[in-house]
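The first residue of the sequence shown is numbered 1, and numbering continues consecutively from there. These values consider heavy atoms only, across backbone and side chains, with no hydrogens, waters or symmetry-generated copies.
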Amino acid sequence: MHTFLAVEPCDYEIRGLYRFATLKDTGLAEALADVWPDRPRLLMVAADPADATTTENLALDLASALTKAGWGVGEVRVLEQDTAEHAAQLVSGAHVIVLADGDDEKRAAFYADINLVDCLAAADENVVLIGLDGTALEAAGVAVSADRTFN
């Protein structure tokens, strides 16, 4: 598993009613060069499983920003309350897994409910895992080295 910590990875520009996301120049894009799969399935795992709208928007913003940076995304899925019963299948089918930032208590309970630690342990060794905060990675039982931290 290729693990990265990317705290607030996107910059936003507001034009009228629209919001456009771009990847911050933190070095994350360059770090992904050797591990990014071709047109991956990206799975965003919610911090608050009941707040699907926020998680979906975050997933789409990040997918858009990654695509603009040259790292195309083929499909975006969200693991939240309504899809929790399919957690193992969603994790095993993902090429890129992003752990959303947010409510630490709700996230820890949700990760336990879906058995995320075991799901990640069974994931493909080439999966790219991006935590949007350190607590998300800790709750998932994953450590990240300092050279893979971008903020």
| message | With a 4.5 Å cut-off on side-chain heavy atoms, are P40 and V128 touching? | response |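 Side chain of V128 against side chain of P40, heavy atoms only: no contact under 4.5 Å found.
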
Keeping the roles fixed (side chain from [X], backbone from [Y]), state whether a donor-acceptor pair exists under 3.5 Å.
X    : Y   : value
W36  : G72 : yes
S92  : A88 : yes
K106 : P49 : no

| request: Look at atom CG of D11 and say whether more than 12 heavy atoms of other residues, nucleotides or ligands are closer to it than 6.0 Å. | output: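 Buried by this count: over 12 neighbours within 6.0 Å.
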
| query | Around N126, counting heavy atoms of other residues, nucleotides and ligands shown, do more than 12 lie under 6.0 Å from its CG? | reply |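 Correct, the count exceeds 12.
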
To the nearest 0.5 Å, tell me how far [X] [atom1] sits from [Y] [atom2].
X    : Y    : atom1 : atom2 : value
L137 : R148 : CG    : CZ    : 12.0 Å
Y111 : L99  : OH    : CG    : 4.0 Å
K24  : E8   : NZ    : CD    : 5.0 Å
M44  : I130 : CE    : CD1   : 8.5 Å
C119 : L43  : SG    : CG    : 10.0 Å
L66  : L42  : CG    : CG    : 7.0 Å

| said: Between T54 and N57, is there a side-chain donor-acceptor contact under 3.5 Å, judged purely by atom types and distance? | reply: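 Distance-only check fails for N57 and T54.
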
| said: By the definition side chain to side chain contact (heavy atoms under 4.5 Å, CB included), identify the one residue from T83, V98, I97 that meets it with V45. | reply: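 Option passing the side chain to side chain contact (heavy atoms under 4.5 Å, CB included) with V45: I97.
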
| request: Quick one: closest heavy-atom pair of L79 and A84, and the distance? | output: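 Between these two residues, the closest heavy atoms are CD1-CA, 3.9 Å.
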
| request: Determine the minimum heavy-atom distance between A29 and L23, stating which atoms define it. | output: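 Scanning both residues, the minimum pair turns out to be CB-CD2, 4.0 Å.
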
